[in-house]
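This report refers to the structure that appears directly beneath it.
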Amino acid sequence: KTCGKSRLERRLPTLHRHFTPLYIVRSIVHHRTSTKLSAMATPATKSLGELDSGARPHVMFIPSAGMGHLLPFFRVIAALAGHDVDISVVTVLPTVSAAEADHFSSLFAALPRVRRVDFHLLPFDASEFPGHDPFLLRWEALRRSAHLFRPLIDGAAPRVSAVVTDVTLTSHVIPIA
């Protein structure tokens, strides 16, 4: 740390310039503007991805454990935070490493508008998998706790209009999102 800020906190405002999949940011921002145009033909019941006229999109990010998964998420979040979008980030607890915990803390300190949503894993007996990598154990614990994502997403306010996850959680999140 220098000047009271971690390396991530110093780089976060510019991280979106490197390797950010801008098509994701543009797609979410475009969704906001196209929603206003189609507000006249609003169906009686809105699906998860539909917004009320004038409502800001709310994107919920559910990253997997591991810095190789978290850093790309943080880049997209940093890029999206500069737009008129509500952002929530699911923080799976406990984190696998101190580095993850530090990076999450830095993210929320640098971007105070981003909401932290804590997700506590169900109790898990790691002795069933002796000698396995802590990240593989995390994925198994997440798999066993995946049914808890639906109430987390459904209970978010404002209503979630998009869920962004990565390949390790996709098969668990898609059926409930």
Side-chain angles (χ1 to χ4, degrees), residues 5-39 42 46-93 95-97 99-119 142 146 148-177:
K5 290 187 176 183
S6 71
R7 182 172 174 241
L8 178 66
E9 285 175 308
R10 290 189 314 274
R11 290 198 58 218
L12 204 52
T14 60
L15 265 177
H16 69 278
R17 294 182 191 145
H18 307 285
F19 310 109
T20 301
L22 288 177
Y23 62 89
I24 293 174
V25 175
R26 288 185 185 124
S27 171
I28 292 169
V29 171
H30 172 73
H31 178 74
R32 168 139 169 77
T33 57
S34 65
T35 302
K36 287 182 180 177
L37 298 175
S38 64
T42 307
K46 294 189 182 344
S47 69
L48 178 66
E50 295 176 300
L51 299 172
D52 292 321
S53 178
R56 295 180 349 176
H58 179 195
V59 182
M60 181 175 277
F61 290 87
I62 307 175
S64 295
M67 296 310 295
H69 295 268
L70 293 177
L71 291 178
F73 269 82
F74 290 178
R75 289 179 187 124
V76 174
I77 292 164
L80 201 54
H83 297 279
D84 193 24
V85 177
D86 284 317
I87 301 171
S88 295
V89 179
V90 175
T91 307
V92 178
L93 299 173
T95 57
V96 174
S97 69
E100 286 183 9
D102 291 344
H103 277 74
F104 273 115
S105 295
S106 296
L107 174 76
F108 296 117
L111 301 171
R113 284 189 40 221
V114 174
R115 282 185 215 85
R116 178 182 179 134
V117 179
D118 289 339
F119 181 77
L142 272 168
L148 300 174
F149 281 127
R150 178 175 287 289
L152 187 78
I153 294 167
D154 288 346
R159 184 182 175 112
V160 173
S161 49
V163 175
V164 179
T165 188
D166 60 17
V167 70
T168 58
L169 295 175
T170 301
S171 64
H172 304 296
V173 174
I174 286 177
I176 60 170

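When reading the values below, keep in mind they use all heavy atoms of this one structure, side chains included, and skip hydrogens, waters and symmetry mates.
Looking at Val92 and Leu142, their side chains come closer than 4.5 Å, going by heavy atoms from C-beta outward. Side-chain contact check for Pro72 versus Arg75: some heavy-atom pair is nearer than 4.5 Å.
A pairwise comparison of heavy atoms in Ile77 and Leu107 identifies CG2-CD1, 4.2 Å as the closest pair. What you find for Leu70 and Ser64 is that their closest heavy atoms are CD2-O, 3.5 Å. The two residues Ala156 and Val160 make their nearest non-hydrogen contact at CB-CG2, 3.5 Å. In plain terms, the two heavy atoms of Ile153 and Met60 that are nearest each other are CG1-SD, 3.8 Å. In terms of heavy atoms, Leu111 sits closest to Ala78 at CD1-CA, 4.0 Å.
Atoms CD and CG, on Glu100 and Leu71 in that order, are 10.0 Å from each other to the nearest 0.5 Å. To the nearest 0.5 Å, the span separating CG on Asp84 from CZ on Arg56 amounts to 4.5 Å. Remark: Thr91 OG1 to Phe108 CZ distance equals 4.0 Å, nearest 0.5 Å. Interatomic distance, CG of Leu93 versus CG of Asp118, reported as 4.5 Å (0.5 Å rounding).
If you run side-chain contact (heavy atoms from CB on, under 4.5 Å) between Phe61 and each of Val163, Thr165, Val76, only Val76 comes through.
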task: Please step through side-chain contact (heavy atoms from CB on, under 4.5 Å) for the pair Leu80 and Val59, ending with a clear verdict.
output: CA-CA 9 Å; Leu80 201 54; Val59 182; 4.1 Å; yes

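The aromatic rings of Phe119 and Phe149 sit parallel, their planes meeting at an angle under 30°, below the 60° perpendicular limit.
In terms of the side chain to side chain contact (heavy atoms under 4.5 Å, CB included) criterion, residue partners of Ala101 (sequence neighbours excluded) are, by chain and number, Thr95. The side chain to side chain donor-acceptor pair (under 3.5 Å) search around Ser88 returns His58, Arg115, not counting sequence neighbours.
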